[in-house]
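Below is one structure, written out as structure tokens, with a few remarks after it.
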Amino acid sequence: MGLHSANLNIGAGDEGELHMEIIAENRCFGGTQGVYRHRSEATSCEMTFGLFLPQEANEGPVPVLWYLSGLTCTHENAMVKAGAQQWAAEQGIALVFPDTSPRGADVADDAAYDLGQGAGFYLNATQTPWAPHFQMWDYIAHDLPTLLEREFPLDMTRQSITGHSMGGHGALTLAMGLKDRFRSVSAFSPICNPTTTDWGRKQLSAYLGPNESTWEAHDATLQMRANGLDIPLLIDIGTDDQFMTHLKPEALAAAAMERRIPCALRLQEGYDHSYFFVSTFIEEHITFHAEALYS
């Protein structure tokens with residue numbers, strides 16, 4: 001049992017409450033890096049997530065930064081590779097690392113790496129065989145926040161969101177779709193215009209069906225063009241990103257220009273799509289979010 005186990009409501013709770021299991025809790029930069037499992041109503045399966053709590057959580061609720069990961073990732077990739085905890089501890093911010101999809105023997109999957117388990121695309125699937133479990137929008141927007149607020153000392157009135165690649169896509173579309181939820185949004189190498197690329201059309205048609213009007217809510221460029229964005233936005237992309245043709249940052253930049261939306265879209269010379277890139281700039285992103293969370 002870790003530093004914050006006394007704050008948890010583990011096991012049999014009130015009627016209707018879901019159980020949560022502690023997988024691991026480790027001391028980390030004065031706080032606690034935990035891994036937890038719970039039954040999700042949204043995805044109808046067991047889900048695992050990571051949560052870093054800074055030491056300030058011992059005194060009271062702390063603000064929250066969500067980190068959404070990319071294709072093939074679990075909760076663990078960013079938790080282990082991004083180096084975010086050091087900077088979150090410095091700012092007194094909690095970090096949430098959700099999984100990227102539902103998982104399990106009864107959950108639909110595909111042989112390709114970019115569809116099925118590990119590739120939830122942060123949307124609610126409507127098509128067979130994905131619909132029973134692939135409800136990742138509801139999981140991130142409603143299910144997991146409800147559990148986090150109940151079980152941990154988090155100030156859910158102060159939330160921001162970031163992500164990498166597919167997770168950058170999720171961070172942008174959730175920030176645009178959940179008005180007044182987040183105080184800031186950032187992304188590393190996000191998929192910016194998925195309705196026009198191979199990292200998007202394949203998945204959107206599989207999960208949502210052939211009616212492309214249902215895809216629009218999950219395309220940050222289309223949402224920027226239609227509705228704009230009224231919170232601070234920061235995007236970093238490496239000039240040597242091997243997946244640039246899938247990301248289409250120029251489309252999002254053009255949409256922001258059309259709407260006169262202030263944003264920082266930075267091309268970082270020589271960097272690729274890897275976690276070496278993410279870990280290089282994660283301090284700047286956490287500082288960016290801290291300014292919004294504490295303003």
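We're numbering straight along the sequence, starting at 1.
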N/O donor-acceptor pair under 3.5 Å between [X] side chain and [Y] backbone:
X    : Y    : answer
D138 : Q135 : no
S205 : P210 : no
R183 : L293 : yes
T100 : C73  : yes
D109 : Q117 : yes
N58  : Q55  : yes
S279 : A82  : no

task = Taking atom types as modelled, find out whether D99 and T74 have a side-chain donor-acceptor pair closer than 3.5 angstrom.
result =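 Their side chains do not contain a donor-acceptor pair, so the 3.5 Å distance test is not met.
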ask   = Any luck finding a side-chain donor-acceptor pair between Q91 and Y294 under 3.5 Å?
value =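 Checked: Q91/Y294 side chains show no N/O donor-acceptor pair below 3.5 Å.
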Report whether [X] and [Y] are members of the same hydrophobic cluster (ILVMFWY, side-chain heavy atoms less than 4.5 Å apart, transitive linking).
X   : Y    : result
W66 : F188 : no
V62 : I286 : no
Y36 : L95  : no

Within a reach of under 6.0 Å around [atom1] of [X], are more than 12 heavy atoms found that belong to other residues, nucleotides or ligands?
X    : atom1 : result
M257 : CE    : no
N211 : CG    : yes
E250 : CD    : yes

query = In this structure, which one of T195, L123, L222 forms a side-chain contact (heavy atoms from CB on, under 4.5 Å) with W215?
reply =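 With W215 as partner, T195, L123, L222 yield a single side-chain contact (heavy atoms from CB on, under 4.5 Å), made by T195.
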Between [X] and [Y], which heavy-atom pair has the shortest distance, and what is it?
X    : Y    : answer
L53  : P153 : CD1-CD, 4.2 Å
T162 : S186 : OG1-OG, 2.7 Å
L265 : P249 : CD1-O, 3.8 Å
I93  : V64  : CG2-C, 4.3 Å

query = side chain to side chain donor-acceptor pair (under 3.5 Å) between D241 and S189: does it pass, once the steps are laid out?
reply = CA-CA 8 Å; D241 193 307; S189 305; 3.0 Å; yes
message = Any salt bridge linking R201 with E212? Criterion: basic side-chain nitrogen under 4.0 Å from a carboxylate oxygen.
response =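 A salt bridge is present here (some side-chain N lies under 4.0 Å from a carboxylate O).
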task = For salt bridge (charged side-chain N to carboxylate O under 4.0 Å, His left out), just list the numbers for E284 and R266, CA-CA rounded to whole Å, side-chain angles, deciding distance to a tenth of an Å, and then say yes or no.
result = CA-CA 12 Å; E284 295 180 33; R266 310 187 303 188; 2.8 Å; yes
inquiry  = For residues 69-118, which residue pairs pass the ring pair (Phe, Tyr, Trp, His ring centres under 6.0 Å) check, not counting sequence neighbours?
reply    =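 Every candidate ring pair (Phe, Tyr, Trp, His ring centres under 6.0 Å) pair involving residues 69-118 fails, so no pair, neighbours aside, qualifies.
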request  = Check the pair N193 / D219 against side-chain contact (heavy atoms from CB on, under 4.5 Å), numbers first and verdict last.
outcome  = CA-CA 5 Å; N193 196 194; D219 187 308; 2.9 Å; yes
Using 30° and 60° as the class limits, which term best fits the ring planes of [X] and [Y]: parallel, tilted or perpendicular?
X    : Y    : answer
H285 : H289 : tilted
F243 : H273 : perpendicular
Y139 : H38  : parallel

request  = Check the pair F121 / I191 against side-chain contact (heavy atoms from CB on, under 4.5 Å), numbers first and verdict last.
outcome  = CA-CA 10 Å; F121 265 75; I191 303 171; 4.1 Å; yes
Pair L172-H169, side-chain contact (heavy atoms from CB on, under 4.5 Å): steps then yes or no = CA-CA 5 Å; L172 292 171; H169 141 81; over 6 Å; no
Derivation and outcome, side chain to side chain donor-acceptor pair (under 3.5 Å), residues S69 and N77 = CA-CA 8 Å; S69 291; N77 295 74; 5.8 Å; no
inquiry  = Just to verify, what does D198 make a side-chain hydrogen bond (donor to acceptor under 3.5 Å, both in side chains) with, not counting sequence neighbours?
reply    =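 side-chain hydrogen bond (donor to acceptor under 3.5 Å, both in side chains) list for D198, sorted by chain: empty.
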key: Y67 ring center within less than 6.0 Å of F49 ring center   =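 Ring-ring flag for F49/Y67: false, centres at least 6.0 Å apart.
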ask   = What do the steps show when you test D272 against Q242 for side chain to side chain donor-acceptor pair (under 3.5 Å), and what is the final call?
value = CA-CA 6 Å; D272 59 17; Q242 60 270 45; 5.0 Å; no
request  = Check the pair Q85, Q33 against side chain to side chain donor-acceptor pair (under 3.5 Å), reporting the backbone distance first and the verdict last.
outcome  = CA-CA 8 Å; Q85 293 91 340; Q33 176 61 64; 2.9 Å; yes
ask   = Among Y207, W137, Y122, W199, which residue meets the ring pair (Phe, Tyr, Trp, His ring centres under 6.0 Å) test with H218?
value =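 When Y207, W137, Y122, W199 are each tested with H218, the ring pair (Phe, Tyr, Trp, His ring centres under 6.0 Å) holds only for W137.
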